[in-house]
Number of protein chains: 2
Amino acid sequence: MRKACENPPKPTVERLPIYRRALEILLDEGCEYTSSCELAELAGVTASRLRKDLSFFGRFGTAGMGYPVRELLDAVNSILGTDRLRDVLLVGMGNLGRAIANHAPLRKCGFRIAAAVDVSPAKVGRVICGVRCYPPSETARLVREGGIEFALLTVPPGAAREAAERLAEAGIKAILNFTPVHLRLPRSVVVEEVDFGILLQKVAFAVTQGGGENA
Amino acid sequence: MRKACENPPKPTVERLPIYRRALEILLDEGCEYTSSCELAELAGVTASRLRKDLSFFGRFGTAGMGYPVRELLDAVNSILGTDRLRDVLLVGMGNLGRAIANHAPLRKCGFRIAAAVDVSPAKVGRVICGVRCYPPSETARLVREGGIEFALLTVPPGAAREAAERLAEAGIKAILNFTPVHLRLPRSVVVEEVDFGILLQKVAFAVTQGGGENA
DNA sequence: CACTCCTCGTTACTTTTTTCACAAGAATGA
DNA sequence: TCATTCTTGTGAAAAAAGTAACGAGGAGTG
């Protein structure tokens, strides 16, 4: 039922995790089948957009019946690559790093903090929030031997660029960048920026200009 | 120099904070003037897109010269509503809440954690990470008396919906939702979702499918 | 078995967003 | 002063994304 994935639009891909979350809710409730209407409602999109999004990846439903929840969830997981638990490297065991290490919902999304890296000698060697802490010099070894593809960058702004370059050299595939620093890395490394300040500015505009139009 | 803001595209608005960040870097470096090429390079967009984005809000540059950094930054701040320090309410003083309370860069973006709310009696009344902690019952008073418009929702998933509704009733204007729960609130409240799991899934797709195309 | 109802997947259409290319305008130097 | 050289701002074309409508095809019913 999987298509050869004829280059789906970027917004479509960004909605897949939202569908996934909705499907998990339905599964928890014991629903075996759902409709595009119901699922779209849960995900906060229109039914036709949901159907079109899914159609980029294959045919998952049966006319008149809807979608089998379990199967569709498996399919979405397979598309996203979250069908197995993936190891993540935490770079920077500060406040934010610890918060993420303790962030339970990550596990439900298919990710596990496999190890952490920090410059502080007080942290290296210890297990903090359930995660063992290594010195930065171990980065490459951890990535290679652990087969780690993803990193969370939660170091102070001043250390961001160096840490990112170290990760890139180690062969990391993707970085979730929580620092307010624009990283300049080879295109082979996927970088996703998560800047709380930028997000707040975005809603600040919506509030001041729009006078309260929702997204 | 400000236009009447003829409904700028949403993507344009989302890029403004990025331009803002680039402008601050230039200002720190002591640059008085910059060009659309230089600024676009720093922001990671094309020069024509930058110029078009700015054109939605007015005319800020002079042909042959470029843009005056200080003035353009002031203008962007004015557009975004970050020209003055804005108070933010932190809801949920857990690991993530504390991390954000300590997150220095927020201040540079024009935001200040004015107060926190938490259910735990052990936290209420204390000052944690420089922020005074109040019980949830005080939410409405804090929002009203402090003139607070923005809230950061960092409570456990199970408490998210109730806390969000309390905020909406208190008259909050916007919520940055760090919980993996889809909030259903009146359209008058701007909600921005920040779900680490969803972000990881997004890059997971990019890595597995794209084989490494950057965003 | 025939009929109706329901829901998917797809196609055509509309809107939004991006890209490209160029005219207008300001500074510089002879 | 005048030509030259930049660089902006903008309008048109192209691309991307979203919306709506429709046909196809099972499921349930009598």
Side-chain angles (χ1 to χ4, degrees), chain A residues 1-16 18-19 22-23 26 31-69 71-73 75-76 79 202 210 213-215, chain B residues 1-16 18-19 22-23 26 31-69 71-72 75-76 79 202 210 213 215:
Chain A
M1 273 307 189
R2 275 283 292 286
K3 232 185 253 184
C5 177
E6 43 176 64
N7 69 319
K10 212 190 313 180
T12 290
V13 173
E14 297 187 10
R15 280 188 293 266
L16 284 181
I18 299 171
Y19 302 152
L23 284 165
L26 289 172
C31 298
E32 293 190 6
Y33 267 80
T34 185
S35 68
S36 61
C37 286
E38 184 183 38
L39 191 54
E41 165 73 18
L42 270 170
V45 301
T46 66
S48 75
R49 187 149 61 175
L50 167 71
R51 291 202 300 271
K52 171 161 257 189
D53 281 344
L54 292 179
S55 77
F56 282 100
F57 303 99
R59 308 178 54 170
F60 305 102
T62 54
M65 280 290 283
Y67 300 96
V69 174
E71 279 183 45
L72 184 54
L73 179 56
V76 171
I79 294 165
K202 184 176 155 191
E213 293 170 48
N214 206 326
Chain B
M1 274 304 189
R2 274 283 292 286
K3 232 185 251 184
C5 178
E6 44 178 63
N7 68 319
K10 211 190 313 179
T12 292
V13 174
E14 296 187 9
R15 281 188 292 268
L16 284 180
I18 300 171
Y19 301 152
L23 284 166
L26 289 172
C31 299
E32 292 191 5
Y33 267 81
T34 185
S35 69
S36 61
C37 286
E38 184 182 38
L39 190 54
E41 164 74 17
L42 271 171
V45 301
T46 66
S48 70
R49 187 148 62 173
L50 167 71
R51 291 202 300 274
K52 171 142 277 195
D53 281 343
L54 292 179
S55 78
F56 282 100
F57 303 98
R59 309 179 53 168
F60 306 101
T62 54
M65 280 291 282
Y67 300 95
V69 174
E71 279 183 45
L72 183 53
V76 171
I79 294 165
K202 183 176 156 189
E213 292 170 47

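What's counted below: heavy atoms across the whole structure, side chains too, no hydrogens, waters or symmetry copies. In what follows, every chain begins at residue 1, and chains take the letters A, B, ... in the order their sequences are listed. This one's a predicted model, so the numbers in the text were calculated from it and none came from an experiment.
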Measure from [atom1] on [X] to [atom2] on [N] and round the result to the nearest Å.
| X | N | atom1 | atom2 | result |
| --- | --- | --- | --- | --- |
| A:Glu41 | C:dT7 | CD | P | 15 Å |
| B:Phe60 | C:dG25 | CZ | P | 19 Å |
| B:Asp53 | C:dT19 | CG | P | 10 Å |
| A:Leu54 | C:dG9 | CG | P | 7 Å |
| A:Leu72 | C:dC8 | CG | P | 11 Å |
| B:Asn7 | C:dT16 | CG | P | 8 Å |
| A:Glu14 | D:dA16 | CD | C1' | 14 Å |
| A:Leu50 | D:dA17 | CG | P | 17 Å |

Report task. Might you confirm whether atom CD of B:Glu71 has over 12 heavy atoms from other residues, nucleotides or ligands at distances under 6.0 Å? Result ->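 Atom CD in B:Glu71 is not crowded, with 12 or fewer foreign heavy atoms closer than 6.0 Å.
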Report task. Please check if atom CD in A:Glu38 has more than 12 non-hydrogen atoms from other residues, nucleotides or ligands closer than 6.0 Å. Result ->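 Atom CD in A:Glu38 is packed in, count exceeds 12.
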Requested in this report: For D:dT8, take OP1 and OP2 only and decide whether either is under 4.0 Å from a side-chain N or O of B:Ser36.
Outcome: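 For D:dT8, OP1 or OP2 has a side-chain N or O of B:Ser36 closer than 4.0 Å.
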Query raised in the report: Does B:Tyr67 have a side-chain nitrogen or oxygen under 4.0 Å from the phosphate oxygens OP1 or OP2 of D:dG9?
Result: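 For D:dG9, OP1/OP2 do have a side-chain N/O of B:Tyr67 under 4.0 Å.
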Distance-minimising heavy-atom pair for [X] and [Y]:
| X | Y | value |
| --- | --- | --- |
| B:Leu16 | B:Val76 | O-CG1, 4.0 Å |
| B:Phe60 | B:Ala75 | CE2-CB, 3.6 Å |
| A:Ile18 | A:Ala43 | CG2-O, 3.7 Å |

Report task. Could you walk me through whether B:Leu23 and B:Tyr67 pass side-chain contact (heavy atoms from CB on, under 4.5 Å), step by step? Result -> CA-CA 10 Å; B:Leu23 284 166; B:Tyr67 300 95; over 6 Å; no
**Report entry** Per-nucleotide protein contact string for nucleotides 19-30 of chain D, where B marks a base within reach and S marks sugar-phosphate only (heavy atoms under 4.0 Å, - for neither)
**Finding:** BBB---B-S---
